[in-house]
Structure formats: structure tokens, C-alpha cells
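What follows is a single structure, written as C-alpha cells, with notes after it.
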Amino acid sequence: MIRWLVGLIGWSLAATSALAADPVTIGVGYLGIAGTRSTLSLVEQPAENDGVAGARLAIEDNNTTGKFTGQRFTLEERRIREGEDAVQAATALAEKNGFIIADLPADALLKVADALRERGTLLFNAGAIDERLREADCRANVIHTAPTRAMLADALGQYLVWKKWSRWLLVVGSHDEDKLFADALRRTATRFGAKIVQERTFEDKGGARRTDSGVTQIQRQMPVFTQQAPAYDVLVAADESEVFGAYLPYRTWDPRPVAGSAGLVPRSWDASQDQWGAIQMQNRFIKLNARRMTALDMQAWTAVRMIGEATSRTNSGDVKKVTDFIKGPDFSVAAFKGTRLTLRDWNLQLRQPILLVDGRMVVSVSPQEGFLHQVSELDTLGYDRPESKCKLK
């Protein structure tokens, strides 16, 4: 009995000493663009802290665990204004932070990745959905928590095919990003057996988006624009530039559902997500930020949580050790999506289910039932290993 008491006292002293020791500080940077993009819908205007708010919540989550693992996480934010150098801002962040969450356009992200390669800084792409960042322009020091256009298109396409809505009228915007999404949708249609019966281009002619006569004009213009189409089951819109997509639902000439950039929309996250414990996550986010959580918030949250999970599992804040573990076969992270998320080792894209939402509810979650894969059903979304052109460097 005495020996047992002595042992217990010794263990208690050791535990107390460990808790009292100075924690290891793990610095995380957040690099984004100043300002917010404009949307057609007033209720979808992003907040100034869109994205970084998710990172802040994840820092709190990491520090909750860090109390027991002797780790403390910090977050430093930098926003780039028009004309400022992204590489310079990223280099300044890398002075104190071994990990950087980036919400940057593709070209800027590549410049930053190349500039920080020799430093050993690990970047997490939380914003750019460009396919080339995971394909011909992939980098070994960039992990992607944002889904790709192909993943989003495949998630939508699987559901439309499952519903037997296989005849698509494709309407494409006139901007480059619209055309990239249209390319992904065409690939999806070919991959899953849908047929694009016709394509139409909506030209952006500029002008005010909101005028006193706007509703009347739109009500007249959209039916005319969509009339005389071949027989179709669903109108699929490619409008990443936010010019016309939101005007399509309930205004088409034929009474048909709308999907893609409006109507039924594929997203990595949505404020309506309430399954798999997501309600407690949503409530914590609202309490912290007085608004609802967006897809960008979730992508940033997931990136910071990946860092927290890896540092906890390796019991180390060393960037190389953490990076090697995240890229290894034993890594996974929970993200309130019904399954643990893992990394595609061939292009460092995070596997993840995609939500299909209508603005009020989650309608479905892809991959859909019946779309099988020999490794992971999540690999039915986006480019699979045999298709990949990525050579990590």
C-alpha cells in the first residue's frame, strides 16, 4: 500500500511538472486579400473576416487540446491590398510561423510557395479551387483543403445523374473562371453519362447590378434568354463571376430546376449543415463571430485543425515532422462530415464529401450511393490517381 501511494504521488508530481512547464509555441499565419468580393445576393455578401474567422475558431480548439499536450497555438494575420507583394507579406509571416493558411489567387499562391520552399514553410491552400494547383502546377509544400472545381462539379453531377436528370442545358458566363467551371462540368457530364443538350453564353455587358427597375428587367430578360432550348431536365449554370446565376431560379422559360452556380449548389460547407455533430460546431462559430460559417471559414478551420491533429499525434511542433505525418498514411482529421478526411498523396488534395445545398437546407451529400471506388469513394470526386499530371516538387 505504501509503495502504491509513493508511486501515485510520484506520478502526480510528474504530471503537475509537465503541466507547469512552458508550452511549445506553434505559430500559424493567415494570408489573404484585403476587401471582399461582391455578390448578387445581399444575404450572401461575405464578411470582412471570411476565412480567418474559421482559423481563429480552430486555434481555440487546438489550444484546448494543447493544454494537455504542452502546446500553444498562435495566429498572425496579414491582408494584401491591391498592388502589394504577396511574397513579401508571406516571407514576413514565415519569420515567426512555420505554417501559413493562404487564401490567394492561383498565381500568387504559386509565387509564395516557390519563395518559401527553401524555408520549409508548409502552406495550406484554403481558397483557390483551380485544378492546375493540384495538377501541372502542384507543389510539395502546398496542401489543399479547398476542393477543386472538378470535385464540386462531380459532386453535383453524381446527384443529377442519380436523380436521372441527365439532359443538361449549360449556361456559361463570359469570364475566365466561368469557363473553367464549365470545363469541369463538361468533364463531369462525360464521366457520369449525362448529356449537355445545348450550351449558351451569358455575356457580361457591365452596368449596375441593382437598379430600381432591375426586378422588372430581369423578369423579362431571363425567360427570353432561356427560351427555345432543346428538351432538358436541368439548367446548369457556370457563373463564378457572380453576374447572372442568381437570377435564373424561377425565371427560366421552361419550368426546370437550376443547379451549379445557383439553385442547387455544391459546397465544402454550408451554414445549414446540421449532421454528424455539426450543430455544436455551428453554434460555437456563431457565438464567436455573430454570423454563420461559410465554406471558406470551414476550409481554413480544417487547415488549422490538421496542424493541431498532427502536432498532437507527433508530440512535436517541428514543421518537417508535422509535414511528414500529414502526408503519411496514418493521418486523418475529423471535420463534421460523417467520415474522417485524408490526404491524396499524389497531389496533396484533402479528400472530403461535398454538400449540395439550396440556400436553406443540405439537399444531399456526395459521393452518391452507387458511385464506387477501389480505394475510397471520395476519390470519385475530382481527378483520380491514374488521371493526375501532378509531379510534386
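These numbers were taken from a predicted model, which means no experiment stands behind them.
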Looking at [Y], is its backbone amide N or carbonyl O close enough to the side chain of [X] to form a donor-acceptor pair, meaning the two atoms are under 3.5 Å apart?
X	Y	value
E203	S174	no
D130	R132	no
R256	Y232	yes
N125	G127	yes
E84	A89	no
T148	E131	no
Q282	Q273	yes
N289	R291	no
S312	G308	no
K337	W269	no

Tell me whether the count of non-hydrogen atoms from other residues, nucleotides or ligands lying under 6.0 Å of [atom1] in [X] goes above 12.
X	atom1	answer
K111	NZ	no
E369	CD	no
W162	CH2	no

What donor-acceptor contacts under 3.5 angstrom involve side-chain atoms of residues 382-393, with partners at least two apart or in another chain?
| residue | atom | partner | partner atom | Å |
| --- | --- | --- | --- | --- |
| D384 | OD1 | H373 | NE2 | 3.4 |
| D384 | OD2 | H373 | NE2 | 2.5 |
| R385 | NH1 | D345 | OD1 | 3.2 |
| R385 | NH2 | D345 | OD1 | 2.8 |
| E387 | OE1 | D384 | N | 2.7 |
| E387 | OE2 | R187 | NH2 | 3.3 |
| S388 | OG | C390 | N | 3.1 |

Taking side chain as C-beta onward, heavy atoms only, is [X] less than 4.5 Å from [Y]?
X	Y	answer
Y159	L264	yes
V236	L160	yes
L152	I354	yes
R117	R139	yes
L75	V52	yes
T339	P353	yes
L378	Q352	no
F192	D154	yes

Non-hydrogen atoms of [X] and [Y] that approach each other most closely:
X	Y	answer
T74	T25	CG2-CG2, 4.0 Å
T121	N97	CG2-O, 4.2 Å
A194	V161	CB-CG2, 4.3 Å
T145	A126	OG1-CA, 3.6 Å
A246	P249	O-CD, 3.6 Å

State, without any angle test, whether [X] and [Y] hold a side-chain donor-acceptor pair at a distance under 3.5 Å.
X	Y	result
N62	R305	yes
T380	Q158	yes
T294	D297	yes
S241	E177	no
E44	T39	no

Measuring from [X]:[atom1] to [Y]:[atom2], what's the distance to the nearest 0.5 Å?
X	Y	atom1	atom2	answer
I59	Y30	CD1	OH	12.5 Å
L350	Q299	CG	CD	10.0 Å
L123	L109	CG	CG	6.5 Å
M151	I129	CE	CD1	11.0 Å
D178	D239	CG	CG	5.5 Å
F99	I326	CZ	CD1	6.5 Å

Quick test of your reading of the model: are [X] and [Y] salt-bridged, counting only N-O distances below 4.0 Å?
X	Y	result
E60	R284	no
R79	D103	no
E377	R351	no
R186	D183	yes

Aromatic plane relationship, F336 with W301 - under 30° parallel, 30 to 60° tilted, over 60° perpendicular: tilted
Whether F202 and F244 hold their rings parallel, tilted or perpendicular, with breakpoints at 30° and 60°: parallel
Residue pairs passing the salt bridge (Lys or Arg N to Asp or Glu O under 4.0 Å) test where at least one lies in residues 157-169, sequence neighbours excluded: R167-D233
Within one Ile-Leu-Val-Met-Phe-Trp-Tyr cluster: [X] and [Y], side-chain cutoff 4.5 Å:
X	Y	value
V112	I80	yes
M306	L122	yes
W346	I143	no
I33	L133	yes

side-chain contact (heavy atoms from CB on, under 4.5 Å) assessment of V322 paired with T314: CA-CA 7 Å; V322 170; T314 59; 4.2 Å; yes
Row check, F325 ring normal vs R313 NZ/CZ: under 6.0 Å, within 45°: no
Worked check of side-chain contact (heavy atoms from CB on, under 4.5 Å) between L348 and R134: CA-CA 7 Å; L348 305 185; R134 291 82 163 172; over 6 Å; no
Steps toward side-chain contact (heavy atoms from CB on, under 4.5 Å) verdict (M298, M281): CA-CA 10 Å; M298 187 57 178; M281 166 76 155; 3.5 Å; yes
Derivation and outcome, side-chain contact (heavy atoms from CB on, under 4.5 Å), residues L381 and F371: CA-CA 10 Å; L381 305 179; F371 290 84; over 6 Å; no
